[in-house]
Every structure is written in structure tokens, then in C-alpha cells.
Amino acid sequence: MINLERNPERLAFISHRLQSLGIDFERINAVDGYSFSEEYLDEFRQNSLRPTGWIEGQIGCFLSHRKAWQQIMDGDEEYGVIFEDDLHIADSLGKVISDMTWIPAEADVVRLENTTNWVKLKKVGEVDQRDVCVVENDSWCAGAYILSKKTAAFLVNQEPKLWLPADTYLFAKSLSEVANALNIFQINPVLTCQDKYSEGVIDSNELMNFDSEIEVDQLNAPPKPTLIESIKQTIAPSLGYSRTVFKN
């Protein structure tokens with residue numbers, strides 16, 4: 001579970017929920033992108049194929065996830081589960097991740113949270129009365145996912161020029177060479193939802209209204225919708241696209 005040292009309220013929130021579900025976890029001390037010198041930030045950006053496309057929060061977020069991948073790579077388990085610290089979690093998550101025999105053998109990563117866009121999903125199985133699906137297009141957000149040990153090593157060993165903000169790097173097949181090489185799966189209805197995307201999804205008195213650690217601006221927003229994407233919003237279901245939804 002990824003958590004910045006300066007965010008004890010998030011740690012208390014996610015710790016209480018995971019413990020209430022009987023889920024053991026290890027805290028990963030997140031990298032604070034706002035603590036870096038300008039010299040380091042400039043060097044990081046210049047090593048990337050998108051040198052002007054990184055803000056401090058994105059850099060810290062990516063390096064934090066990379067720490068988690070490294071830990072899975074170095075561990076003994078076949079799979080690891082990565083959580084950010086602002087998640088609302090379904091009651092059955094512990095049961096789902098306690099026995100991972102349901103994961104398709106070819107899966108590199110399994111998304112446990114919703115994505116903010118329409119996605120094309122191909123159902124290949126079930127777990128906890130939820131669909132297990134292949135994701136056939138881009139998806140967004142990297143708040144909760146299962147990662148195989150083999151895939152963790154693949155992610156860690158990519159050269160810096162291929163690095164992108166964490167969810168783009170992992171899940172945006174049209175933008176990331178790395179994501180395009182992965183077999184990405186999705187559970188739907190989803191088991192987790194980040195607090196910032198939970199309005200109207202959970203009871204309003206359960207919302208925490210955490211501030212974003214990645215500034216919401218043009219640099220970290222998903223690409224602006226193209227004409228095709230706009231059309232999808234209208235006729236998406238007939239094209240086989242659907243929304244991911246949270247269900248407790």
C-alpha cells in the first residue's frame with residue numbers, strides 16, 4: 001500500500017479499512033515528487049521521451065509505483081496487489097485476493113478499480129459474481145491492481161525513456177509501448193474506487209474529500225476526447241463499450 005509520509009490521515013483511513021477486512025498489507029513509503037531539486041527534475045524529464053510532460057506529482061507517483069513493482073519482483077509470491085491510500089473498498093476484496101487461482105494464466109495485470117473512460121471488455125471468467133475481462137483499449141487510473149511477479153520485473157527493467165505517468169505507462173495501449181505489450185484484465189463490477197471518483201458511487205457521508213497528490217491540470221489529464229471518442233459517448237454500448245462500476 002503506497003502512502004506518503006506527510007499523509008497520516010490517508011494512512012489511518014486505508015489501514016482501518018484493510019484491517020477491518022482482515023487484509024494484511026505492507027506500507028510502501030511513497031516518493032514525494034515535490035521534494036526533488038530542480039536539477040533532478042530536469043534530468044528526469046530529459047531522460048523521458050516526453051520531457052515537458054511531467055509534473056512533480058506525476059514523477060513521485062510513478063517512482064512510488066516502481067518501488068512497489070520492485071518489491072513484488074524481489075518477493076516470493078507469484079502475484080502482488082498494489083493499493084493507493086485513498087480507496088473505498090468492497091467487503092469481498094479480501095476473499096477475492098486471498099485465492100488468486102481465478103486469475104487467467106496469461107494475465108500480466110488485473111485492474112481492481114474503475115476507469116474514467118468507456119472500455120471494451122471481453123469476458124473470460126468470473127470471480128465473486130463479477131466478470132473477469134480482457135481490456136481491449138486504453139484505461140485510466142492506477143489505484144488498485146494485481147501484478148504478476150514476472151510483469152513486475154518487466155516494468156522495473158524498462159529504460160527511462162519509456163517511462164510515463166503510472167496509469168498511462170501501465171494501461172494506455174495507444175500511448176505506451178509498455179502497456180501495449182501487457183495482457184491487461186479488469187474485474188467488473190470493480191472492487192475499489194478512489195475517493196476523488198466516488199461522488200455518487202458511495203454514500204456522501206463516507207467521502208473523505210482527500211486533496212489530489214497529482215495536480216489536476218492539463219499535464220496530467222487524459223488526452224482530450226477525439227471526434228471518435230465523442231461519438232463513443234453516444235453509441236458506446238452498440239459498439240461493445242461499457243462503463244466500469246463499483247459494487248460492494
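Basis for what follows: all heavy atoms, side chains included, without hydrogens, waters or symmetry-related copies. Residue numbers count from 1 along this sequence.
Using bins of under 30°, 30° to 60° and over 60° for the plane-to-plane angle, the ring pair Phe13/His88 lands in the perpendicular bin. Note: Trp54 and Phe44 have perpendicular aromatic rings, judged against thresholds of 30 and 60 degrees for the angle between ring planes.
In this structure, His65 and Ala142 approach most closely via the heavy-atom pair CE1-O, 3.0 Å. Among all heavy-atom pairs drawn from Tyr79 and Pro104, the shortest one is OH-O, 4.4 Å. Between Leu41 and Gly33, the shortest heavy-atom contact is CD2-O, 4.1 Å. Taking each heavy atom of Val119 and Asp138 in turn, the nearest pair found is CG1-O, 3.6 Å. Residues Leu155 and Tyr169 come closest through the heavy atom pair O-OH, 3.0 Å. Between Trp69 and Leu147, the closest heavy-atom pair is CD1-CD2, 3.4 Å.
A donor-acceptor pair under 3.5 Å is formed between the side chain of Ser238 and the backbone N or O of Ile235. In terms of modelled atom types and a separation under 3.5 Å, the side chain of Ser37 and the main chain of Tyr40 share a donor-acceptor contact. With hydrogens and angles ignored, the 3.5 Å screen pairs a side-chain donor or acceptor of Glu113 with a backbone N or O of Gly143. Distance alone, capped at 3.5 Å, places no donor-acceptor pair between the Ser176 side chain and the Ala172 backbone. Within the 3.5 Å criterion, the main-chain N or O of Val156 finds a donor-acceptor partner in the side chain of Arg66. At distances below 3.5 Å, at least one donor-acceptor pair connects side-chain atoms of Arg243 with backbone N or O atoms of Thr116. Side-chain N or O atoms of Thr192 include none that pairs as donor or acceptor with a backbone N or O of Ala144 at under 3.5 Å.
A 4.5 Å side-chain heavy-atom check between Cys141 and Gln194 finds at least one atom pair inside the cut-off. The side-chain heavy atoms of Asp195 and Leu207, taken from C-beta on, include a pair separated by under 4.5 Å. Looking only at side-chain heavy atoms (C-beta outward), Lys120 and Leu239 stay at 4.5 Å or farther from each other. Inter-residue side-chain proximity for Lys149 and Glu78 is flagged as unmet; no heavy-atom pair is nearer than 4.5 Å. Taking 4.5 Å as the limit, some side-chain heavy atom of Val135 sits within range of a side-chain heavy atom of Leu121. Ser139 has its side chain out of reach of Lys173: every pair of non-hydrogen atoms, C-beta onward, lies at least 4.5 Å apart. Between Glu136 and Lys122 the shortest side-chain heavy-atom distance falls below 4.5 Å. The shortest distance between side-chain heavy atoms of Ser148 and Met73 does not fall below 4.5 Å.
Between the side chains of Asn114 and Thr244, no donor N or O sits under 3.5 Å from an acceptor N or O. Side-chain contact, Asn3 with Arg10: no donor N or O sits under 3.5 Å from an acceptor N or O. There is no side-chain donor-acceptor pair under 3.5 Å between Asn47 and Arg45. With hydrogens and angles left out, the side-chain atoms of Gln158 and Glu177 include no donor and acceptor closer than 3.5 Å. Side chains of Asp74 and Gln70: a donor on one and an acceptor on the other come within 3.5 Å. With hydrogens and angles left out, the side-chain atoms of Ser242 and Trp118 include no donor and acceptor closer than 3.5 Å.
Residues Ile14 and Phe246 do not share a hydrophobic cluster, clusters being chains of Ile/Leu/Val/Met/Phe/Trp/Tyr side chains in contact below 4.5 Å. By the rule that hydrophobic residues join a cluster once side-chain heavy atoms approach within less than 4.5 Å of another member, Met100 and Val96 end up as members of one cluster. Both Ile72 and Phe171 are part of a single hydrophobic cluster, where members link through side-chain heavy atoms under 4.5 Å apart. Under a hydrophobic clustering in which Ile, Leu, Val, Met, Phe, Trp and Tyr are joined whenever their side-chain heavy atoms come within less than 4.5 Å, directly or via other members, Phe83 and Ile146 fall into the same cluster. No path of Ile, Leu, Val, Met, Phe, Trp and Tyr side chains, each step under 4.5 Å between heavy atoms, connects Leu21 with Tyr145, placing them in separate hydrophobic clusters.
For Lys247, the NZ atom sits in a packed shell: over 12 heavy atoms of surrounding residues, nucleotides or ligands are nearer than 6.0 Å. Glu5 CD: 12 or fewer foreign heavy atoms inside a 6.0 Å radius. The environment of CG in Asn205 is crowded: more than 12 heavy-atom neighbours from other residues, nucleotides or ligands sit within 6.0 Å. Heavy atoms of other residues, nucleotides or ligands lying less than 6.0 angstrom from CD of Glu206 number more than 12. Residue Asp91 qualifies as enclosed at atom CG: its count of foreign heavy atoms under 6.0 Å is above 12.
Between Glu126 and Lys123 a salt bridge is recorded (basic side-chain N to carboxylate O distance below 4.0 Å).
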Show, in sequence, the C-alpha distance, side-chain angles and deciding distance for Leu170 and Phe62, and conclude whether the side chain to side chain contact (heavy atoms under 4.5 Å, CB included) test is met. CA-CA 10 Å; Leu170 287 166; Phe62 175 84; over 6 Å; no

Applying side chain to side chain contact (heavy atoms under 4.5 Å, CB included) to Asn188 and Arg130, what does each step give before you reach the verdict? CA-CA 6 Å; Asn188 193 41; Arg130 303 167 195 266; over 6 Å; no

Should Asn183 and Val134 be marked as a side chain to side chain contact (heavy atoms under 4.5 Å, CB included) after you check the CA-CA gap, both sets of side-chain angles, and the distance that decides it? CA-CA 8 Å; Asn183 294 316; Val134 176; over 6 Å; no

Passes side chain to side chain contact (heavy atoms under 4.5 Å, CB included), Leu18 versus Ile89? Steps please. CA-CA 8 Å; Leu18 292 173; Ile89 299 174; 3.6 Å; yes

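Remark: Arg111 is not positioned above the aromatic ring of Phe185, lacking an NZ or CZ atom under 6.0 angstrom from the ring centre and at most 45 degrees off the axis.
The distance from the CE atom of Met208 to the CG atom of Asp86 is 10.5 Å, given to the nearest 0.5 Å. A distance of 9.5 Å separates CD1 of Ile187 from SG of Cys133, quoted to the nearest 0.5 Å. Note that CG of Leu191 and CD1 of Ile97 are 9.0 Å apart. Values are rounded to the nearest 0.5 Å. Between atom CD of residue Glu9 and atom CG of residue Asp85 there is a gap of 8.0 Å, rounded to the nearest 0.5 Å. To the nearest 0.5 Å, the span separating CD1 on Ile82 from CZ on Phe25 amounts to 15.0 Å. Rounded to the nearest 0.5 Å, atoms CG (Leu182) and CG (Asp108) are 5.0 Å apart.
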